[in-house]
Every structure is written in C-alpha cells, then in structure tokens.
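Reading through the structure tokens given below for one structure.
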2 protein chains.
Amino acid sequence: MYPVNIKLMNKKTYHHGNLEEALLTVGMKEAKASGFRNLGVTHLAKMVGVTPMAVYRHFPSGENLKAAISQQAREELARRMLEALENEEDVKRKFMATGREYIRFGLEEPGLFAVAFIDCDASPQREDNPSARAILHDAILDLCNEGLVKPAELESVANFAWSIVHGFAMLASGNNPFRPEISPSVIENLLERSWLGVTQFSK
Amino acid sequence: MYPVNIKLMNKKTYHHGNLEEALLTVGMKEAKASGFRNLGVTHLAKMVGVTPMAVYRHFPSGENLKAAISQQAREELARRMLEALENEEDVKRKFMATGREYIRFGLEEPGLFAVAFIDCDASPQREDNPSARAILHDAILDLCNEGLVKPAELESVANFAWSIVHGFAMLASGNNPFRPEISPSVIENLLERSWLGVTQFSK
DNA sequence: GTTTGATGTTGACGGGATACACATGAGCCT
DNA sequence: AGGCTCATGTGTATCCCGTCAACATCAAAC
C-alpha cells in the first residue's frame, strides 16, 4: 500500500529544520505580493517545498497560520513607525512622523496592510512586539508630558489620532469603492488637521 | 446517463422566478449574521433551494456575487445615514448625525460593515445608490454654503471627516487586535473633535 | 402547436483543508 | 555501540467548494 522507499526528489533532507520560520517568511512575501489571496496552507507548503500536512505540526490550523502572518505584518508596520521616529526630536514632529509612516505603509504596502488587519477566526498567541498601538500611545503620552494634551484626555485623543490615520490608510489602500485622491499635500493636510484636533480641543 | 425524469423534491417549480434578488437577500442575511464567511456560491445556493450552477445564470462568478452583496451592504449603510439625517435641520447636527450613524452601523452591524468594505476581485457594475460617500460629501457641501468651510477645502475636509468615522468604525467593529474602548461619550468626543478639525482649521 | 431562449439540474474535474496512519532521524539512555 | 522515543514530515483519503459542459424545463413568441 505504502511505498517502501520514499523518493526525496529535490529535497536535501527529510526534515526541513526551520519550517515555522520559513512559512512565516514566504507568507510575508506572498502577503506583500497579493494580500490575503495566497495564504492558504497548501500554497504556502508548496512554496516551502513541504507537504501541506507538515504545516499542522507548527500551526493548529490554516486560520492560525494566517493569524500569525497577520501579526508579522502588523509588527512590520510598527517597526517602520519606530524607524520613522528615530530621527525626530520635537514632539509634534514625532507625532506627525508616526501618522505619516502609518499612512505611507498603507499606500506602499497595500498587501501587507490588508493582511495586517484581516478579520481572522484565530487570535494571535502573543502580544504584538513592537506594537503600533503602543507606539502611537507613547507619542500622545509625550504630548501629555509637554502639557499639550490633558492626561484625562489621553485615551480619547489616542482614539482620534488613530482613527484618522487608520481610516485614511484603509480608504486609500487597495481596491476601495470610496478611494480618495492621494497626494503628499492631501496627507500633510490630514496630519495638520489631526494635530489641531489633538492639541486645540479643550482651549 | 442522465435521469429522464427530474425529481422536483421539495420544490414547487423548476424555475425559481426571482433568483437574483433571492440570492442578494439571503446573502445580506448571512453577511449580517457572520460577515464574509458564508457568502460562497454553494452555501447561498443551498439557502435559496437551488443548485450552485443556477447562480451562474445571474452572476458571472462567485466573486461577482460577493461584490454585489458588498454593494447592497454599502447601500444599506447609506440608507441608514439618510434616515438619521431626515430629522435634523442644523448643518452641524446633520454633520454629526451622519458620522454618528456611520459609526453606529459599524458597531451594530459588524457583519454587514465588514462585507461592505471587503476587498473583492470583482467590481460592482453600477454606482452605489444611495452612496455613503455622496451623503457625506453633501453634508460638507452644506457647510460650504453656510460659510463654515472654504470651498477650496471641500475635498480635504471630506477626506478628513470620512477618515475619522471610517477608521473608528473599522477599529471598533469586529475582531481587531487594536480595538478601542467603546462608549457613547467616546463617540461624541470623536465627533466633536472631527467638527473642530473641519470648521476651525483655517482661521 | 412548435420553436426558442432564459433559467435550472446533473455529473465531473480540480483544488483546498484536514484527519489518520506511517516514515525518518537526531538525541538520549543503557 | 545499539536501540528507543518523539518531534517532524509524507501519503492517502475524505469532504467541501467553484466551475465547466451537457442536458432539462417551461413560458412566451411565432
């Protein structure tokens, strides 16, 4: 019934050695190229040169694998936000850079951005690290420390700023029937209005 | 090879009579109940009491059917926005009501909201009618006519207001890792900040 | 009353997710 | 050394889904 000798074909070893990481890597590559469309178990397994069932030794289900890739995408976004922050000192410039990078990510990496916020059956096992939410929250905390935002309003300000960049990125990224005009000036205008809403609300 | 006499089983007639509309109706019901997860050709066909292939007489592909249901969901959103506007006279109250209803839709109908903005291979054949975008645009146009917004800024203001409500609804609806706290006061605070950003920008 | 075209049905094929049984091989125990 | 064990892969089978080609039904046009 079963063949006595397995043909290893073009594989060097029977065991892959680092399948989990390899799956996440090709998953990110596919996500970058085509969003959530090619993140199936069979397809990713084929990319890595492994049988579909091998995937289940590392992820309980295809949905879990997708959730893990989604988390990787969110962490990539967060990493880029951190990078954009690195060279800014002024709190306003930090705040603006954070939002600008968030939007830029949505525009330049629509595939990753879509996957980052895909609605998934499975939840990630660990917290995002780095976390885009935490980064934005810290930026607003800085504004509190500078006296530009009342500590009592920290949460509502964070909601506000977050909603703006996330909403714009969502609408501008991918194939949306409500896609807005996109230009650097449109984005800067949006960020300026955001700054106004954040700092001038309770005068 | 093929049976000479078809058993009609529990069907009254061989032809359904209104299959296209029926598919959209059950599609909306399924979307309301579980988002995009049960919008497959086979499933919807079964719901309507018809063979999967019958669907293709009305929609070129399953993706097209999904796009049609997505459009229905967007139009439902737009209809609710219009309803919320009906009893408001003041331009500010109209503006606020529009945004509030958008967010309320995201919170109360997460399934429909997700489907409304699903990333779909196929595009809708006709324009949305009514269109949520047009309704929001009109609300800002009113602000122009009242002198509260400069006509030259109409587009950027629309972008701004739209991004806020869409972003918040997206983050607050469904299973998002960045889901914010949700309460009426949080929403009113957001709308007030939006109003400020819309009207006070160019003073 | 026949023809015809719109609308449904069957059956088949290809592909995806995943359950179960089996294979491989590196490291540990004796 | 020689063998046991367990994590990790493979093979096969099953079920479901989307879709094609061929055939069936029926109402309306002629």
Side-chain angles (χ1 to χ4, degrees), chain A residues 1-27 30-31 34-70 118 120-122, chain B residues 1-27 30-31 34-70 118 120-122:
Chain A
M1 196 67 125
Y2 291 93
V4 180
N5 291 319
I6 305 275
K7 302 289 206 264
L8 290 183
M9 305 178 66
N10 47 1
K11 288 185 60 178
K12 301 238 191 305
T13 61
Y14 187 91
H15 291 290
H16 182 284
N18 213 350
L19 184 50
E20 178 172 337
E21 190 185 323
L23 284 170
L24 293 177
T25 302
V26 294
E30 290 293 299
S34 51
F36 55 83
R37 279 174 230 292
N38 298 118
L39 299 185
V41 171
T42 304
H43 181 70
L44 294 180
K46 211 165 286 182
M47 293 285 114
V48 177
V50 121
T51 292
M53 282 311 295
V55 173
Y56 294 89
R57 297 296 182 186
H58 302 270
F59 299 92
S61 75
E63 209 65 14
N64 269 83
L65 171 53
K66 227 183 295 187
I69 296 169
S70 175
I118 197 172
C120 213
D121 264 348
Chain B
M1 197 68 125
Y2 290 94
V4 179
N5 290 319
I6 304 276
K7 301 288 204 265
L8 292 183
M9 302 177 66
N10 48 0
K11 288 184 58 176
K12 302 239 190 303
T13 61
Y14 186 91
H15 291 293
H16 181 283
N18 213 351
L19 184 51
E20 178 172 338
E21 190 184 324
L23 284 170
L24 293 177
T25 302
V26 293
E30 289 294 297
S34 51
F36 55 84
R37 281 174 227 293
N38 297 118
L39 300 185
V41 171
T42 304
H43 181 71
L44 293 180
K46 210 166 288 183
M47 292 284 114
V48 178
V50 122
T51 292
M53 282 310 294
V55 172
Y56 293 88
R57 298 296 180 188
H58 301 273
F59 299 92
S61 74
E63 209 65 12
N64 269 85
L65 171 53
K66 227 183 297 190
I69 296 169
S70 175
I118 199 172
C120 211
D121 265 346

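Here the structure is a predicted model, which is why all the values come from computation and not from measurement. In what follows, chains carry the letters A, B, and so on, assigned in the order in which the sequence lines appear, proteins first and then strands, with residues in each chain numbered from 1.
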**Prompt:** Does the B:Ser61 side chain pair with the main chain of B:Glu63, one donor and one acceptor, at a distance under 3.5 Å?
**Reply:** yes

**Message:** Check whether A:Ser70 reaches the backbone of A:Lys66 with its side chain - one donor and one acceptor, N or O, closer than 3.5 Å.
**Reply:** no

From [options], pick the nucleotide closest to the side chain of [X]?
| X | options | answer |
| --- | --- | --- |
| A:Met53 | C:dA19, C:dG16, D:dC23 | C:dA19 |
| B:Arg57 | C:dG16, D:dG18, C:dT7 | C:dT7 |
| A:Thr51 | C:dT18, D:dT10, D:dG18 | D:dT10 |
| A:Val50 | D:dG9, D:dA22, C:dG16 | D:dG9 |
| A:Thr42 | C:dT18, C:dA17, D:dG9 | C:dA17 |

**Complete:** Smallest heavy-atom separation, A:Ala68 atom then A:Leu24 atom, equals CB-CD2, 3.8 Å

Send over the distance from [X] [atom1] to [N] [atom2], rounded to a whole Å.
| X | N | atom1 | atom2 | answer |
| --- | --- | --- | --- | --- |
| A:Tyr56 | D:dT10 | OH | C1' | 15 Å |
| B:Phe59 | C:dG8 | CZ | C1' | 15 Å |
| A:Lys46 | C:dG15 | NZ | P | 8 Å |
| A:Leu19 | D:dT10 | CG | P | 8 Å |
| A:Asp121 | C:dT18 | CG | P | 10 Å |
| A:His43 | C:dG14 | NE2 | P | 20 Å |
| B:Leu39 | D:dG18 | CG | P | 10 Å |
| B:Leu65 | D:dG18 | CG | P | 10 Å |

**Interatomic distance, B:Leu39 atom CG to B:Leu23 atom CG [nearest 0.5 angstrom]** = 11.0 Å

